[in-house]
Number of protein chains: 2
Amino acid sequence: MNFTTSEENHIKCIYHLQQVTGLVNTNSLAAEMQTRPASVTDMLKKLKAKKLLHYERYKGFKLNEAGKKAALDVVRKHRLWEFFLVEKLKFDWDKVHPIAEELEHINSAELIQRLDNFLGNPSFDPHGDPIPDKHGKIPVINQQNLSTVTLKKMLTVSSVTNQSVQMLEMLKHYNITLGSQLMVLKKFEFDESLEIKVLKQSPCIISEQVAKNVFVQYV
Amino acid sequence: MNFTTSEENHIKCIYHLQQVTGLVNTNSLAAEMQTRPASVTDMLKKLKAKKLLHYERYKGFKLNEAGKKAALDVVRKHRLWEFFLVEKLKFDWDKVHPIAEELEHINSAELIQRLDNFLGNPSFDPHGDPIPDKHGKIPVINQQNLSTVTLKKMLTVSSVTNQSVQMLEMLKHYNITLGSQLMVLKKFEFDESLEIKVLKQSPCIISEQVAKNVFVQYV
DNA sequence: TATTATTTTTAGATTTGTCTAAATTTATTT
DNA sequence: AAATAAATTTAGACAAATCTAAAAATAATA
């Protein structure tokens, strides 16, 4: 089935929220979508009519299997386009999100399949997020939150959750990118901030808030 | 300035029509856009308000300089994407039009500039149509309609006007593509059909209607 | 040139996606 | 458990892009 741009945006957003909270509620989706709760309710009725979610008035909602597949289709398109923009067009990784946000709504299965092949069937996008395959299957990696990691072990940055421009600019400032090698030297109990050392850089301190958004693997 | 998808489609269509007829009228634009004359009138008011065209009720209309620049921007995007789809994603040239029709509405000057560079700043798209540069400048070629050409001189196919799937399929059947070498052997006065010989193919006959849509250069 | 035909425009309706304000339901606190 | 607060939904409005049907302007023709 085909969806409108607005439907796809809602589906994708519900998907991300329900991965964290299980059930999603109207207000948080409205906040995330920068829209009004009343508009969310309107859209929920449409998505329910299209049999994409479990939803009862006042009770919260979540995508069913069909809805999840639809969401993964959009995620796949988004991440493939991000990969294209960074790898082929040489965009900075912190600039591609808004453009991919438009490209993801172009509906042509053949286009996406060919793009995937052209890019070499990548498994992860430039932010380190996994790219679902055409059946919605997501590659898994053995990654861990930077704030939960053993001290003084060498690590590789494998993904970054929060993709706000501010966050990504900050990481750039610290010279942290995907694949960067680093080590946590010390954890300050007071505010849970971390002293880290990025390979070839002098040690620095990052807040718990930043650490929570950085995922790593042991080398 | 930025335009909606519908505005861009109308602008582009007016541009193509006024290249042939000078002034454009409501009915022909409606026919070309597969919409209703009343809808065209509505859109004309909007485009006039945005100062993109010369238009007086009941008198016909045409793009002014600002309108032409807007049209060429869309044409540029469309043809760059077509080039990408054929050259990089290996689509058949007769399948790319509808997808480029969607991609052309993504508005990011940086995206298009980078795409242009990535593709090697091509001057012609896969149908042989010239790609305007970012200032709206169109490369010129010395081409001629196949129906007006001297007999028994070697020619190269440089562009194809009518891009309907039927037309393109037919050319594929005759083994005519951009760059194909061919020669007109005979013109039948009765119906203006042509006997042509494509290099390495046996001679065949094409109608005047087809010939009128094929442009060539002398080798 | 008067009449008819064609083209174009207006007037008013429809659909989609959104909004505000008010009403309803559920949750939280005295 | 009653009162208050928060979340959610309904009702009704609006803008954009389209449509149909009817009116108005222009063009063609008898």
Side-chain angles (χ1 to χ4, degrees), chain A residues 1-14 17-18 20-63 67 70-71 74 101-102 104-107, chain B residues 1-14 17-18 20-63 67 70-71 74 101-102 104-107:
Chain A
M1 209 202 280
N2 258 14
F3 307 106
T4 68
T5 294
S6 180
E7 284 169 346
E8 284 192 341
N9 282 332
H10 282 84
I11 292 166
K12 190 179 55 159
C13 207
I14 296 169
L17 288 173
Q18 82 181 32
V20 185
T21 56
L23 257 196
V24 185
N25 51 292
T26 307
N27 270 359
S28 35
L29 182 54
E32 196 74 14
M33 297 275 313
Q34 319 234 62
T35 180
R36 301 287 155 184
S39 312
V40 165
T41 302
D42 290 342
M43 182 54 76
L44 291 177
K45 288 183 196 158
K46 288 175 202 162
L47 296 181
K48 180 167 189 186
K50 292 195 174 187
K51 298 192 193 306
L52 296 169
L53 39 78
H54 300 291
Y55 166 53
E56 277 177 277
R57 322 209 323 304
Y58 295 104
K59 295 285 170 62
F61 47 90
K62 65 179 180 187
L63 298 171
V74 182
E101 206 71 8
E102 293 199 52
E104 74 189 6
H105 300 297
I106 297 202
N107 282 315
Chain B
M1 205 200 283
N2 259 13
F3 307 105
T4 67
T5 293
S6 180
E7 284 169 348
E8 285 192 340
N9 282 333
H10 282 85
I11 292 166
K12 191 179 54 160
C13 206
I14 296 169
L17 289 174
Q18 81 180 30
V20 185
T21 56
L23 257 196
V24 184
N25 51 294
T26 308
N27 269 0
S28 35
L29 182 53
E32 196 74 15
M33 298 275 313
Q34 319 233 62
T35 179
R36 300 287 153 183
S39 312
V40 165
T41 303
D42 291 341
M43 181 55 74
L44 291 176
K45 288 182 195 157
K46 288 177 202 162
L47 296 181
K48 180 170 190 184
K50 293 197 174 185
K51 299 191 192 306
L52 295 169
L53 41 78
H54 301 291
Y55 165 54
E56 276 178 278
R57 301 181 19 278
Y58 295 104
K59 294 284 171 60
F61 48 91
K62 65 178 178 187
L63 297 171
V74 182
E101 206 71 9
E102 293 198 51
E104 73 188 5
H105 301 298
I106 297 204
N107 283 313

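Chain letters run A, B, ... following the sequence lines, proteins first, then strands; residues in each count from 1.
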(request) Specify the separation, in whole Å, of atom CD of A:Glu7 and atom P of C:dT16. (result) 10 Å
(request) Using a 4.5 Å cut-off on heavy atoms from C-beta on, say whether the side chain of B:Leu47 contacts that of B:Phe61. (result) no
(request) Start with the C-alpha distance between A:Glu32 and A:Lys12, add both sets of side-chain angles, then the distance that settles salt bridge (charged side-chain N to carboxylate O under 4.0 Å, His left out), and finish with yes or no. (result) CA-CA 11 Å; A:Glu32 196 74 14; A:Lys12 190 179 55 159; over 6 Å; no
(request) Measure the distance from CE on B:Met43 to P on C:dT10 and round it to the nearest whole Å. (result) 16 Å
(request) Verify the contact: side-chain N or O of A:Thr4 to OP1 or OP2 of C:dT16, cut-off strictly under 4.0 Å; return yes or no. (result) no
(request) Salt-bridge test for A:Glu56 and A:Lys48: reply yes if a basic N is under 4.0 Å from a carboxylate O, no otherwise. (result) no
Quick test: give all pairs of protein nitrogen or oxygen and nucleotides 3-7 of chain C nitrogen or oxygen below 3.5 Å, distance rounded to 0.1 Å.
none

(request) With sequence neighbours left out, write down each residue that passes side chain to side chain donor-acceptor pair (under 3.5 Å) with A:Asn107, or none if nothing qualifies. (result) A:Lys77
(message) Measure CZ/B:Arg36 against C1'/D:dA21 and give the value in whole Å, please.
(response) 12 Å
(message) Counting only side-chain nitrogens and oxygens, does B:Lys46 get under 4.0 Å of the OP1 or OP2 atom of D:dA17?
(response) yes
(request) Would you mind reading off the distance between B:Met33 atom CE and D:dT18 atom P, rounded to a whole angstrom? (result) 7 Å
(message) Can you measure A:Lys59 atom NZ to C:dT25 atom C1' for me and round it to whole angstrom units?
(response) 10 Å
(request) Round to a whole Å and report the spacing from CG of A:Leu44 to P of D:dT8. (result) 10 Å
(request) Applying side chain to side chain contact (heavy atoms under 4.5 Å, CB included), name anything that partners A:Thr5, two or more places apart in sequence or on another chain. (result) A:Asn9, A:His105
(message) On the nucleotide C:dG17, are OP1 or OP2 found under 4.0 Å from the side-chain N or O atoms that A:Ser39 carries?
(response) no
(message) So, using side chain to side chain contact (heavy atoms under 4.5 Å, CB included) as the criterion, who are the partners of A:Asn25 when residues are at least two apart?
(response) A:Asn27, A:Ser28
(request) Output yes when a side-chain donor or acceptor of B:Ser39 lies under 3.5 Å from a complementary backbone atom of B:Thr35, and no otherwise. (result) no
(request) List the atom of B:Leu63, the atom of B:His54, and the distance in Å for their closest heavy-atom pair. (result) O-CD2, 4.3 Å
(message) Output the rounded distance in Å from CD (A:Glu56) to P (D:dT9).
(response) 11 Å
(request) Whole angstrom is fine here: how far is it from CZ in B:Phe61 over to P in D:dT26? (result) 16 Å
Distances under 3.5 Å between nitrogen or oxygen atoms of protein and nucleotides 10-14 of chain D:
residue, atom, partner, partner atom, Å
D:dT10, OP1, A:Arg57, NE, 3.1
D:dT10, OP2, A:Lys45, NZ, 3.0

(message) If the condition is side chain to side chain contact (heavy atoms under 4.5 Å, CB included), which residues does B:Lys51 pass it with, not counting sequence neighbours?
(response) none
